[in-house]
Every structure is written in C-alpha cells, then in structure tokens.
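A quick write-up on the structure given underneath.
Any value given below was found using the heavy atoms of this structure, including those in side chains, with hydrogens, waters and symmetry copies removed. It should be emphasised that the depicted structure is a prediction, and the values quoted were computed from it without experimental measurement. Just so you know, ligand 1 is whichever comes first in the structure, and atom 1 is the first atom listed for that ligand.
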Amino acid sequence: MNSLPAAVRIVEVGPRDGFQSIEQTIPTDAKIQFINTLSEAKLPEIEVTSFVSPQWIPQLADAQEVSIEIIRDSNIMYTALIPNIKGLERALDANYSSVAVFTAASDTFSQKNINCSIKESITRFQRMKTSFQDNSMRVRGYISTVWVCPYEGQMEPENVLPVIDALLELGIDEISLGDTIGKATPDDVRNTLDLILSLHDANQFALHFHDTYNHALENIRVGLEYGISTFDSSAGGVGGCPFAPGASGNVSTGSVLNLCKELGIETGVDDQKLSAAVNFIQSYLN
Ligand code: COA
Ligand code: ZN
C-alpha cells in the first residue's frame with residue numbers, strides 16, 4: 001500500500017455536473033460570478049460548463065456566454081465537457097484548451113446519456129483525435145457508472161478495463177472514474193482499484209464520487225491509500241446526473257478540503273473564498 005499523497009488536486013465540477021442536474025436554471029450572471037469566486041478560491045481546475053445538446057441539458061444552454069464572460073486566471077485550468085465533434089468545435093470557439101469527453105462502463109447508461117453505445121462513443125472520440133492534437137488540447141475522459149449503473153445494477157470491475165484501454169489509446173491525459181449514483185462502497189472501490197492499478201499507473205486517474213449514501217469521503221480515503229491524488233467535487237455538493245435516477249450531488253469540495261486538512265495533505269485551495277462561492281450560490285438553489 002502506498003503512503004498518502006503529499007498533495008491533492010481538486011477538480012471543481014459544480015458549475016457543470018452540479019448545474020446540469022438541478023431543476024431550475026441558474027441565471028447566467030450568477031454562474032459567472034460563482035465561477036469567478038471559485039477562481040479566487042484557487043481551485044486548480046474548474047469544469048465550467050458543457051457543450052452538449054441544449055435539448056438534452058437546457059440548464060447549460062448558455063455555455064458560450066458563460067465561457068466568454070468568466071475571468072480566467074492563468075494558473076487555473078478551465079475545462080468544458082463535450083460529447084462529439086460539434087461540442088469540440090463549440091468549445092474551441094469559446095477558447096478552451098482543455099476538454100472532457102465522457103463515456104460509461106455500462107452500455108445502457110451510455111444509451112440513455114448520450115444516445116449511443118460505449119463503442120460508438122469511442123468512435124466519436126476517435127474522430128476528434130486529430131483536432132485534439134492539432135489544437136494541443138488537454139483531454140480528460142470520464143467513465144460513468146464504473147461501480148453501479150442505475151439500469152444494470154452492480155458492475156463487474158472487469159467491465160471498465162476495455163474502456164480505459166480505449167481512452168488511453170486516444171491519448172487521453174486523465175481518466176476520471178465515476179460513481180455516478182453514489183452507491184460504491186469502500187470495498188467496491190478497493191476491488192476495482194486493485195484490478196485497474198495492477199495494470200495502470202495511479203497518476204493517470206481521478207475519482208469522481210457522488211455522496212448519495214455518505215460513502216464518498218471514505219471512498220476518497222481509499223483512493224488516497226491507493227496513491228490517487230486527483231478528485232472531482234462540487235462546491236456546496238450540488239449535483240447529480242439527469243439521466244441517472246437516484247443520483248444525488250457530488251461530494252462537496254469543502255468536505256474534501258476538510259479531509260485533506262485532517263490528513264495533512266496540501267490542496268492549495270482557499271477555504272474562505274470557497275465558502276464565499278457556496279454562500280453566494282446557495283440563494284439560487286432550492
Ligand atoms: N451541441 C449542440 N447541439 C448538438 C450537439 C452539441 N454538442 N450535438 C448534437 N447537437 C444537435 C444536432 O445539431 C441536432 O440538432 P438539429 O435537430 O437541430 O439538427 C440534434 O442535436 C441531434 O443531433 P444528433 O447528433 O442526432 O444527437 P443525438 O440526438 O443522438 O444526441 C448527444 C447525442 C450526445 C448530442 C446528446 O445525447 C447529448 O447532448 N447528451 C448529453 C448528455 C449529458 O450532458 N449528460 C450529462 C453528462 S454526464
Ligand atoms: Zn457526476
């Protein structure tokens with residue numbers, strides 16, 4: 001077992017994963033102010049929005065405007081989620097040099113979420129590969145439903161291996177393993193990481209937990225013990241997934257900060273500024 005990492009990198013996904021899944025649409029100006037305050041809190045990476053179909057995710061239909069208006073800090077990586085070439089073109093128009101693509105370990109979830117199979121999603125990404133290279137893009141790859149699928153139930157750890165291989169083949173820089181509905185237990189996480197990390201390096205992975213059953217922090221702790229040092233979270237724990245019945249919010253960024261503080265792990269995040277961002281957005285949330 002590794003010793004715990006000295007530093008953790010938090011990927012703030014509230015403005016995307018959070019806002020896509022709440023019923024009400026947050027006003028564009030409020031999104032911008034929220035993201036600017038998150039930048040002041042020095043979150044190392046902020047997933048700002050997604051360039052998906054506005055029919056599917058109307059809450060993020062203002063992706064272009066938000067992306068253009070936010071104040072970007074040159075020390076922070078700003079990322080946009082994209083499902084296909086059209087999304088990539090929109091992200092390039094909005095000045096992104098970092099994007100995230102997404103697929104799943106469960107075919108049923110993939111169909112419900114992006115209207116295609118896992119295999120077809122990989123083909124979509126392959127069509128973007130040249131553009132990624134030509135534009136020197138940093139690319140993150142999400143794999144949803146690694147542990148439990150809302151439609152197929154408990155997943156076998158082996159399911160995720162070919163998806164990881166396909167993403168690495170595409171030159172993806174970081175793979176975020178998602179517990180989309182927050183049902184993974186610490187033992188589930190151990191089993192899957194035992195398998196994955198017998199084949200791959202821990203520094204290629206991030207973990208993405210939702211806190212539906214209060215396992216997220218324990219699961220992060222397991223990830224740390226396995227040498228993983230990048231975790232996705234959302235300010236205030238807002239979030240879910242509109243196509244994953246039962247999903248509740250992402251683990252909150254504040255609770256990840258507290259855990260790191262307890263364990264003596266650096267994050268570089270200003271927790272007072274983070275609280276200011278949470279307090280600001282709270283009034284817009286039911
Ligand atoms: N941005 C904006 N519009 C897009 C788009 C994108 N990235 N991709 C496709 N569209 C539009 C097409 O132009 C087309 O519009 P039209 O009807 O006016 O001609 C329409 O959407 C249908 O296009 P198609 O390629 O057939 O897509 P689809 O209906 O099979 O949907 C996705 C595929 C991936 C675009 C859609 O499932 C999607 O956006 N899913 C996102 C889900 C998500 O964000 N989930 C949460 C993240 S975990
Ligand atoms: Zn999520």
Atom indices of ligand 1 within 4.0 angstrom of Ile114 heavy atoms, with elements: 33 (C), 34 (C), 37 (O)
Which of the ligand 1 atoms, numbered from 1, are nearer than 4.0 Å to a heavy atom of Gly87: 7 (N)
For [X] and ligand 1, does the shortest N/O to N/O distance drop below 3.5 Å?
{"X": "Asn115", "result": "yes"}
{"X": "Pro83", "result": "no"}
{"X": "Ser144", "result": "no"}
{"X": "Phe51", "result": "yes"}
{"X": "Arg16", "result": "no"}

Please calculate the NE2(His210)-the Zn ion (ligand 2)-OD2(Asp17) angle and round it to 10 degrees. 110°
Side chain, backbone, both or neither: [X] near ligand 1, heavy atoms under 4.0 Å:
{"X": "Gln20", "value": "side chain"}
{"X": "Tyr142", "value": "neither"}
{"X": "Pro54", "value": "side chain"}
{"X": "Arg124", "value": "side chain"}
{"X": "Lys112", "value": "neither"}
{"X": "Ile57", "value": "side chain"}
{"X": "Asn84", "value": "side chain"}

With heavy-atom distances below 4.5 Å as the criterion, would you say the side chains of [X] and [Y] are in contact?
{"X": "His210", "Y": "Val251", "result": "no"}
{"X": "Val52", "Y": "Phe102", "result": "yes"}
{"X": "His200", "Y": "Phe205", "result": "yes"}
{"X": "Arg140", "Y": "Thr230", "result": "yes"}
{"X": "Met155", "Y": "Val160", "result": "no"}

Looking just at side-chain N and O atoms, do Glu47 and Tyr142 make a donor-acceptor pair shorter than 3.5 Å? yes
Before accepting this row, confirm whether a basic side-chain N of the pair Lys261/Glu266 lies closer than 4.0 Å to the acidic partner's carboxylate O. no
Any salt bridge linking Lys31 with Asp62? Criterion: basic side-chain nitrogen under 4.0 Å from a carboxylate oxygen. yes
After noting the C-alpha distance and the side-chain angles of Phe125 and Phe132, does the key distance pass the ring pair (Phe, Tyr, Trp, His ring centres under 6.0 Å) rule? CA-CA 10 Å; Phe125 305 156; Phe132 290 153; 8.1 Å; no
Please find the N/O/S atom of His208 nearest to the Zn ion (ligand 2) and write down its name. NE2
Can you tell me how far the CG atom of Leu168 sits from the CG atom of Leu199, to the nearest 0.5 Å? 10.5 Å
When Tyr78 is tested against each of Ser39, Ser98, Ser67 for side-chain contact (heavy atoms from CB on, under 4.5 Å), which residue passes? Ser39
Check: of Leu60, Thr180, Thr103, Asn113, min heavy-atom distance to atom 41 (C) of ligand 1 comes from Asn113
